[in-house]
**Student:** 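First, the structure itself, so that you have it in front of you.
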2 protein chains.
Amino acid sequence: MGALEKGLLVIEALGAGTPKLTLSGVARRIGITRAAARRHLLTLVELGYAESNGKLFWLAPRVLRLGSGYIIAAPLPKLAQPVLDRIGERTRETASIAILEANDIVFLAHSLRRGILAANTQIGVRVPAFCTAMGRVMLAHLDDVKIEEFLEASEIRKLTVKTMTSRQDLLQEIRKVRADGYSISDEEIEIGLRSIAVPITNSRGQVVAAMSVSLQAGRMGVSDMIERLLPELEAGRREIVRLI
Amino acid sequence: MGALEKGLLVIEALGAGTPKLTLSGVARRIGITRAAARRHLLTLVELGYAESNGKLFWLAPRVLRLGSGYIIAAPLPKLAQPVLDRIGERTRETASIAILEANDIVFLAHSLRRGILAANTQIGVRVPAFCTAMGRVMLAHLDDVKIEEFLEASEIRKLTVKTMTSRQDLLQEIRKVRADGYSISDEEIEIGLRSIAVPITNSRGQVVAAMSVSLQAGRMGVSDMIERLLPELEAGRREIVRLI
DNA sequence: TTAAAGCGTGCGTAATGCGTACAAAATCTG
DNA sequence: CAGATTTTGTACGCATTACGCACGCTTTAA
């Protein structure tokens, strides 16, 4: 069913990066002929998923129905929400769960907020996995070959001066996470932001998500995080795994 | 290009309501033959947008790439963000923008949060338009016939005891909003939540979004909101309209 | 000013997706 | 509990759909 595949790729192409694209731009980006791109774009416009001025094409709000469905329908956020809220209340910090999608983590739920929340942590937001505690904790349960493939496919870039960018070091770090059972990102995403994360497994033991607590760097040091936040996360993790 | 159309409908069907659906269930819900539903579902599974155990089908995280693209790529949230932040800072309340999508409003951006935020206001979240200030302010710029059609198509239900549910009254209220140029929702969405909203127009004068300030009912009365918050919103509105 | 490269579009053809018809479950009923 | 009946999932031949080539036009470079 090629039409569906290409159409979805077109939507992804329009959603990634440049907001408005020309017909040929879309064709080039996903490697199809211009004629095909044209047919798909015109169809998407007709269906209301895209808009056009005849020259450029861009996404219409209707595509929100496609993605948001997952977040609404997914069972994990619902059953994890009370656990997140409790952790948030007990630690007075922000607790979140996220999943791995391509090279990014995607936030699915947060604890009810107390105090100011870091800017880029809202539901549906994507952050490169390689530099986040949640990302590493999910990667740690892959075998080394897969991890290397993942790192190879990732666009590794410095988000802060502290971001680890050597693929060698990252593999080493993820191996360490695998042994520890948790991961910490110390200002690697944003200066002033520290996170600690644990994996969430389904009943068959497969890692399906990660849960984290994030805080301003000034509030707690790394060793305190392990001592005070990790037990909370572990308790929450056990509870969620039981519910899944 | 029927395959694409039906495939997208299948995704929407899987995303709406029941998280897991059977093949025939999908077919029934969108009015296609079971054979067609089967082909589309199998393709979606193969492409990684859906998952299945052979009997039931559900969405895979990959669909997040489709919807989130719009929010990331849309220009409005980006250029409105500083305005929202300024309003948030000056009023010490939460400022948001949203668009109208089908029968709902969808939040696209918020001011940086100070204090506690109402639970169901995160980016991408949908709320029925008929009972929100932002929804009504966007509806007000349609003609009466369209508004009646909209109300007819909406599932009007009481979210709180204060929710206005008579289609007559709602039309009347929206007419009033049209005259006033702003709209207030007084605990119609959630007890304890008041909002005031103004429309955002593009350079051709078409209403493309709405901007609001929301607050806990205890903090400010309706007349104070008009007196103190509306001027801020108006100033922000002018600024955004200039930038569009 | 001309050449060249890039872009969007119409058209005949081959493959794709269509619905019908059948088999297998699941559900109802006496 | 067995037969009847509805409901569900699957295979196949045909018609439609989507494919890419080729053409004409626009924009960029020489």
Side-chain angles (χ1 to χ4, degrees), chain A residues 1-60 62-63 65-67 69-70 73 75, chain B residues 1-60 62-63 65-67 69-70 73-75 204:
Chain A
M1 194 151 275
L4 179 51
E5 173 174 14
K6 302 226 178 89
L8 293 169
L9 284 173
V10 168
I11 294 179
E12 291 187 4
L14 288 178
T18 336
K20 299 191 180 185
L21 281 172
T22 161
L23 190 159
S24 323
V26 172
R28 209 174 321 109
R29 206 175 265 208
I30 55 186
I32 60 176
T33 62
R34 293 194 305 280
R38 182 176 129 86
R39 283 192 296 276
H40 291 272
L41 284 167
L42 292 178
T43 306
L44 288 173
V45 169
E46 199 169 323
L47 298 175
Y49 293 96
E51 291 169 359
S52 168
N53 57 10
K55 206 86 197 162
L56 294 168
F57 293 84
W58 59 91
L59 290 180
R62 182 164 182 157
V63 295
R65 291 191 212 174
L66 303 172
Y70 175 79
Chain B
M1 194 152 274
L4 179 51
E5 173 173 13
K6 301 227 177 91
L8 293 169
L9 284 174
V10 168
I11 294 179
E12 291 187 5
L14 287 177
T18 335
K20 298 192 179 183
L21 281 173
T22 161
L23 191 158
S24 322
V26 172
R28 210 175 320 111
R29 203 174 270 208
I30 54 185
I32 60 175
T33 62
R34 294 192 307 280
R38 182 178 130 87
R39 284 193 295 274
H40 291 273
L41 283 167
L42 291 178
T43 306
L44 287 174
V45 169
E46 199 169 322
L47 297 175
Y49 292 97
E51 291 169 1
S52 167
N53 57 10
K55 205 86 199 161
L56 294 168
F57 294 83
W58 60 91
L59 289 180
R62 181 163 181 159
V63 295
R65 290 190 213 174
L66 302 172
Y70 175 78
R204 288 186 304 265

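Every chain is numbered from 1, with letters handed out A, B, ... down the list of sequences.
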**Student:** Are B:V45 and B:L42 side-chain neighbours, meaning at least one heavy-atom pair lies under 4.5 Å?
**Tutor:**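 Result no, sub-4.5 Å side-chain heavy-atom pair not found.
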**Student:** Are A:F57 and A:L21 close enough that some pair of their side-chain heavy atoms sits under 4.5 Å apart?
**Tutor:**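 In short, these two side chains do not touch, never coming nearer than 4.5 Å.
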**Student:** Which whole-number value in Å describes the distance from A:N53 CG to C:dC7 P?
**Tutor:**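 Whole-Å distance recorded here is 16 Å.
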**Student:** What does the list of N/O pairs under 3.5 Å between the protein and nucleotides 20-26 of chain D look like, with a distance for each?
**Tutor:**
unit_1 : atom_1 : unit_2 : atom_2 : d
D:dG20 : OP2    : A:T33  : OG1    : 3.4
D:dG20 : O6     : A:R39  : NH1    : 3.3

**Student:** CD of A:E46 versus P of D:dA18: gap in Å, rounded?
**Tutor:** 11 Å
**Student:** Using a cut-off of strictly less than 4.0 Å, decide whether B:T22 has a side-chain nitrogen or oxygen near OP1 or OP2 of D:dT8.
**Tutor:**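 No, outside the criterion.
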**Student:** Once you round it to whole Å, what is the distance between C1' of D:dT16 and CG of B:L4?
**Tutor:**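 Spelled out: CG on B:L4 to C1' on D:dT16 is 17 Å.
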**Student:** Would you kindly give the CG-to-P distance between B:L9 and C:dG17, to the nearest whole Å?
**Tutor:**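 The distance from CG of B:L9 to P of C:dG17 comes to 16 Å, rounded to the nearest Å.
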**Student:** Hey, which of A:I11, A:L14, A:L44 is the one that makes side-chain contact (heavy atoms from CB on, under 4.5 Å) with A:V63?
**Tutor:**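 Among A:I11, A:L14, A:L44, the one that satisfies the side-chain contact (heavy atoms from CB on, under 4.5 Å) with A:V63 is A:I11.
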**Student:** Could you tell me if the side chain of A:L59 sits less than 4.5 Å from the side chain of A:Y49, heavy atoms only?
**Tutor:** no
**Student:** Taking atom P of D:dC12 as reference, at what distance in whole Å does atom CZ of B:R38 sit?
**Tutor:** 11 Å
**Student:** Using heavy atoms to find the nearest nucleotide of DNA chain C for B:A3 and A:F57 separately, return the residue whose nucleotide is more 5′.
**Tutor:** A:F57
**Student:** Please tell me if A:R28 has a side-chain N or O lying less than 4.0 Å from either OP1 or OP2 of C:dC7.
**Tutor:** yes
**Student:** Are A:E51 and A:R62 within salt-bridge range, i.e. N to O under 4.0 Å?
**Tutor:** no
**Student:** Roughly how many Å is it from CG in A:L42 to P in C:dC7, rounded to a whole number?
**Tutor:**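 For the pair A:L42 CG and C:dC7 P, the rounded distance is 17 Å.
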**Student:** With a 4.5 Å cut-off on side-chain heavy atoms, are B:Y70 and A:L66 touching?
**Tutor:**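 Counting from C-beta outward, A:L66 and B:Y70 never come under 4.5 Å.
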**Student:** Rounded off to whole Å, could you give me the CD-to-P distance for the A:E5 and D:dA18 pair?
**Tutor:**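 Rounding to the nearest Å, CD of A:E5 and P of D:dA18 are 14 Å apart.
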**Student:** Examine D:dT17: is either OP1 or OP2 under 4.0 Å from a nitrogen or oxygen in the side chain of A:H40? Give yes or no.
**Tutor:** no
**Student:** Testing A:L4, A:L8, A:V10 one by one against A:H40 for a side-chain contact (heavy atoms from CB on, under 4.5 Å), which residue passes?
**Tutor:**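 Testing each of A:L4, A:L8, A:V10 against A:H40, the sole residue satisfying side-chain contact (heavy atoms from CB on, under 4.5 Å) is A:V10.
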**Student:** Over how many whole Å does the gap from A:L56 atom CG to D:dT27 atom P extend?
**Tutor:** 13 Å
